[in-house]
Every structure is written in C-alpha cells, then in structure tokens.
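Beneath this line is the structure, given in structure tokens, with notes to follow.
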Amino acid sequence: MNLTATRRGEVAIRDLSKSFQISGRRLDVLSQLSLEIRSGECLVIVGASGSGKTTLLRVLAGLETADDGEVLIDGRPVHGVGSERAVIFQEPRLLPWLTVLGNISFGLEVRGEPQAHARETARQYLSLVGLDDFAEAYPRQLSGGMAQRVGIARALAVQPEILLLDEPFGALDAMTKITMQEELSRIWREENVTMVMVTHDIEEAIFLADRVLVLPQVRGGRVKLIDIDLPRPRDRSASAFVRQREVLLREFGLH
Amino acid sequence: MTLQNIGRSVSFAVGRDKPSPAAALLARMGSASRLALSRYGLVAAFLVLWQVSSTHGWVNPAVFPPLNAIASALWKGITGGALVDDIAISLQRSGLAFAAAVVFAIPLGLFMGSIPAVERAIDPILQLFRQTSALALYPVFILLLGLGEASKVFVIFWATIFPLLLSTVGGVKEVDPKLIEMARVYGASRLAIFRRVVLPGAIPSIFVGMRLSATTALLLLIASEMIGANKGIGFQVMNAQYNFQIPLMFAAIVILAALGLIANSAIVLLQRRLCRWSEPVSI
C-alpha cells in the first residue's frame with residue numbers, strides 16, 4: 001500500500017546498556033548491545049523472561065531511555081517517540097469509547113490529520129485486516145483476535161517505517177494465534193515495513209523472522225543472531241522448519 | 001470471533017420452528033410481565049401490605065394512613081396549588097446548588113486528578129472539610145449568609161461538592177496508564193492525551209459522582225428546609241406533622257422520593273446518551 005522509495009526504516013543499535021534498580025540492587029538488563037536492523041526485514045527477538053527483550057523494544061520505541069549507547073534510525077539518533085515508529089502491544093489497548101474505525105484513525109488524528117481524511121485512511125487499513133463489517137462496533141464487542149487486528153490496523157494507518165511488536169499474540173488462543181501470524185506475514189510483505197518483534201514463542205519466531213536475535217540467559221552472555229533461511233510462505237510442518245526449531249531450542253538448552 | 005448480538009440472534013433462530021405471530025407476541029408479553037414481576041414485585045407487595053394493614057387496622061391508620069388518603073392529599077396539594085410553590089422553591093434551591101457543584105467540582109477534580117502535586121496539596125483540607133458534617137456547619141453558614149436562600153443553597157452546595165469531586169479525581173486517576181502510553185506512542189500532546197484519553201475515561205466515574213451528589217443535594221435540601229424555612233417540601237413534611245395532617249406529610253415525602261428517582265434517571269439517561277460504549281453502573 002505504501003511503496004514510497006524514500007522510506008527506509010534502518011535501525012542501528014550501538015553499545016546499548018540499560019539497568020534497573022530493583023530493591024537497591026542493580027540489575028543489568030542490556031549490556032553493550034550492538035546490532036544493525038536492515039530496512040524492510042523482520043527481526044524477531046527471543047529470550048528467557050527477564051532477558052531484556054521487552055526493554056530493548058521499549059528503548060527502540062522511545063518509551064525508555066538507555067543508560068548508555070544510542071539508537072539510530074536512518075542515521076538519526078532517537079530521542080523519545082517518533083512518527084516513523086509505531087508500537088503494537090500485547091494488549092490491543094483500544095479506547096473503549098471509540099468505534100473500531102475511530103480507534104484506527106486515532107493515531108492519525110492526534111498527529112493533526114483532519115478527521116475526515118484520517119477516517120478515510122482508517123477504512124483502508126480496516127479492510128487490510130479484514131474487519132470492514134465492524135467499522136462501527138465498539139471494542140467490548142470484539143474477540144481478542146479481532147481487537148488485536150484493530151491494534152495492528154491502527155499502527156499501520158500512521159504508515160510507520162518501523163513496526164515494533166511486543167508479544168502481540170501472547171494473549172491469544174493457539175488457533176487464533178496461527179491465523180494472526182499468517183495475516184501479519186502477509187501484511188508485512190504488502191506494507192514493506194521493517195518489523196521488530198518480541199516473542200517467547202519459538203515457532204512464531206521461525207514462522208515470521210528473517211533473523212532471530214537470541215538474548216542471553218545469563219548476565220553478560222553473548223547475544224546470538226540466527227538467520228532463518230526458509231522460503232516464504234513458510235510451512236510449519238516442513239522438515240527444514242522443524243530442524244530450524246530444534247536449532248533454536250538448543251539455544252535455550254531445551255533440546 | 002463474533003459480535004455479541006450475532007451470537008444472540010443465532011441462539012434465537014436455532015432449535016425452534018417458526019412460531020405463529022400471535023404465540024410469539026403472547027410469549028413476549030409473558031416474559032415481559034415475568035421481568036416486571038421480578039423487578040417490581042417487592043415494591044408492589046410493600047404497597048399492598050401498607051394498604052391492607054392500614055384499612056384493617058393492623059397499624060394505626062392515624063400514623064400510616066391508607067394509600068388512597070395519601071394519594072388524594074397529593075392530588076389536592078398539586079391541583080390546589082398548595083404544594084406547587086413548595087416544589088418550585090425546593091427545586092430551585094437544590095438545582096442551583098447542584099449546578100454550582102457540577103461547575104465547581106468537575107473542573108477542580110479533573111485538575112487535581114491530572115496533577116499529583118495539586119492533589120497532594122488539596123487533599124488534606126478536602127478530607128477535613130468532608131469529614132465535618134455539613135449540617136454542623138449550617139449554623140455557621142446562617143451566621144455568614146443570613147437565614148435566607150443563600151445559606152440554604154450554600155449548605156447544599158457544600159455537601160454536594162464532595163462526592164462529585166472525589167469521584168472525578170478517582171476517575172482521572174484510574175484511567176489505564178497503558179492507554180495513555182499508547183497515545184504517547186502516537187505522539188499525542190499532553191492536551192490531546194487529556195482531551196482524548198483521560199477525560200472520556202473519567203466520564204463514567206463523573207456520572208457516578210453526579211448521581212451520588214444528586215442524592216446528597218436532596219438530603220441536605222430537606223434538612224435545611226426543616227431547620228429554617230417557611231416554604232419548600234422539607235418544610236411541608238415538618239409542618240404537616242406539627243399540624244397532624246399525616247396524609248399531607250406522606251404526600252410531601254412521596255414528592256421527595258419522586259424527585260430523587262427523577263433526578264437519578266435523568267442523569268442515567270444523560271450518561272446513556274453521552275457514553276454509549278459503557279453501561280451505567282447501578283448504585
């Protein structure tokens with residue numbers, strides 16, 4: 001839907017460190033992390049809980065500031081949130097008093113776009129996530145999967161270069177999850193957007209990722225980048241897929 | 001993955017042959033009357049018990065006159081105009097005070113809820129004032145404002161502020177921080193976050209506050225009219241009792257109850273129109 005050539009969405013992470021003070025003790029969550037994320041790629045971050053994957057995503061989003069190091073987007077350092085990035089959270093975070101259409105155009109409207117135009121754009125993204133019939137429904141009338149589709153449409157409607165996803169399907173049931181992963185894979189190809197996604201689901205990572213970033217389980221351990229070189233659309237039952245899954249599980253000492 | 005009402009219509013259509021329109025109508029009337037019975041059955045039973053006890057002399061009919069006597073006193077009071085002036089002046093007192101409380105407490109509550117430092121500074125004095133009974137302060141207000149309308153409206157206003165203010169502050173503070181963060185991600189300014197997230201999120205609580213305040217307003221109205229007035233429904237309740245016009249006394253009480261119910265349903269109606277997305281809580 002947007003094939004503007006000037007869009008890039010490249011991310012460079014340089015020596016990023018972040019620690020938290022928890023009951024007087026210093027907890028290093030990220031230390032000296034460096035990474036390049038290519039334009040238009042899908043990078044999936046996995047790691048045990050507490051490994052800092054959500055923190056990394058929140059730093060990229062501009063919701064947290066790093067203690068040290070920097071994040072560059074298309075060569076420019078990041079300070080706070082920015083219009084070239086959109087975030088999809090685990091919870092859909094829809095405004096209950098707005099209709100589905102109103103929620104999708106919310107991002108555009110707070111950015112100062114005239115409402116009529118914002119709603120028109122919102123309608124396109126409503127179609128993209130297959131919810132045309134629900135434009136006037138309220139969030140409480142939606143199922144979990146539908147609500148998350150609305151969240152995705154709202155993020156895409158602002159036409160970000162980079163889409164940051166924090167365990168977006170973590171709260172969905174297994175069947176809905178698979179449908180949503182397929183949908184997201186399709187949308188990612190159509191929208192030509194850089195995706196950075198955090199998940200704890202290995203299969204989800206392999207299904208979607210060009211590369212998987214494995215954050216270390218032990219403090220000070222090395223991060224690992226694993227290329228997922230499988231043809232798309234991916235088949236979860238293919239032997240190459242299953243092999244890849246075992247490789248990744250071994251990273252977690254689970255196989 | 002379905003809308004609730006689709007689910008409802010499906011369950012309606014399944015497992016039933018087409019009923020004749022008459023039978024369907026009967027069935028609907030049957031279920032409607034069952035619903036009415038379960039909702040208003042106790043009220044009806046109470047009224048019947050009252051009437052029977054009074055006419056059969058189970059209770060002293062001089063203290064609990066039969067309902068028809070109360071109804072006729074009410075009818076005479078309204079058509080004869082004796083109670084109309086009282087209703088008008090009472091509505092004016094409580095309406096003015098309530099409107100002033102809305103205008104004062106909602107903006108202050110929004111301000112306090114949005115800025116923690118302001119709330120910290122105001123909360124102690126607010127608690128002090130709130131815990132001091134408004135009726136205990138009524139003599140002070142009379143000293144300050146005289147025995148006329150001003151002191152009555154002020155004491156009602158004073159008591160009415162607190163439920164509304166506290167509900168508004170609570171409503172603002174309870175707005176989901178995750179929604180605010182979401183708005184921040186889209187670059188919303190502080191003003192836009194307030195206008196588009198905090199304010200609509202607080203509205204259901206504000207309505208709860210308005211309903212509590214309306215009840216308080218009527219309560220204080222009656223109390224102030226009983227203490228120092230020569231007109232008003234509260235005055236009529238007292239006056240009728242002094243003169244042993246018991247049916248008239250109950251007629252005035254019925255008017256009070258009606259005013260309370262009307263005020264409450266007016267606010268609920270307004271809430272339904274303003275926020276269709278949420279169901280009003282029943283209190």
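Lettering follows sequence order; numbering is per chain, from 1. Below, all heavy atoms of this structure are taken into account, side chains as well, without hydrogens, waters or symmetry copies.
Residue B/Y40 qualifies as open at atom OH: its count of foreign heavy atoms under 6.0 Å is 12 or below. Under a cut-off of 6.0 angstrom, the local environment of CZ in B/F194 is crowded, with over 12 non-hydrogen atoms contributed by other residues, nucleotides or ligands. The 12-atom threshold is not exceeded at CZ of B/R195, counting heavy atoms of other residues, nucleotides or ligands nearer than 6.0 Å. No more than 12 heavy atoms of other residues, nucleotides or ligands sit less than 6.0 Å from atom CZ of A/R123.
B/R184 touches chain A through backbone and side chain together, each having a heavy atom under 4.5 Å away. Only the side chain of A/L98 comes within less than 4.5 Å of a heavy atom of chain B; its backbone N, CA, C and O stay farther away.
Between the CG atom of A/L94 and the CE atom of B/M182 there is a distance of 7.5 Å, given to the nearest 0.5 Å. Once rounded to the nearest 0.5 Å, the distance linking CD of A/E109 with OH of B/Y186 reads 12.5 Å. We find the CG-CH2 distance between B/L179 and A/W97 to be 5.5 Å, quoted to the nearest 0.5 Å.
Not one N or O on the side chain of A/R111 forms a donor-acceptor pair closer than 3.5 Å with the backbone of B/G187. Side-chain N or O atoms of B/R196 include none that pairs as donor or acceptor with a backbone N or O of A/V110 at under 3.5 Å.
Looking only at side-chain heavy atoms (C-beta outward), A/F106 and B/V197 come within less than 4.5 Å of each other.
The minimum heavy-atom distance linking A/V81 with B/V185 is given by the pair CG1-CA, 4.0 Å.
Chain B forms the most heavy-atom pairs under 4.5 Å with one residue out of A/A155, A/G112, A/G82, A/G151, and that residue is A/A155.
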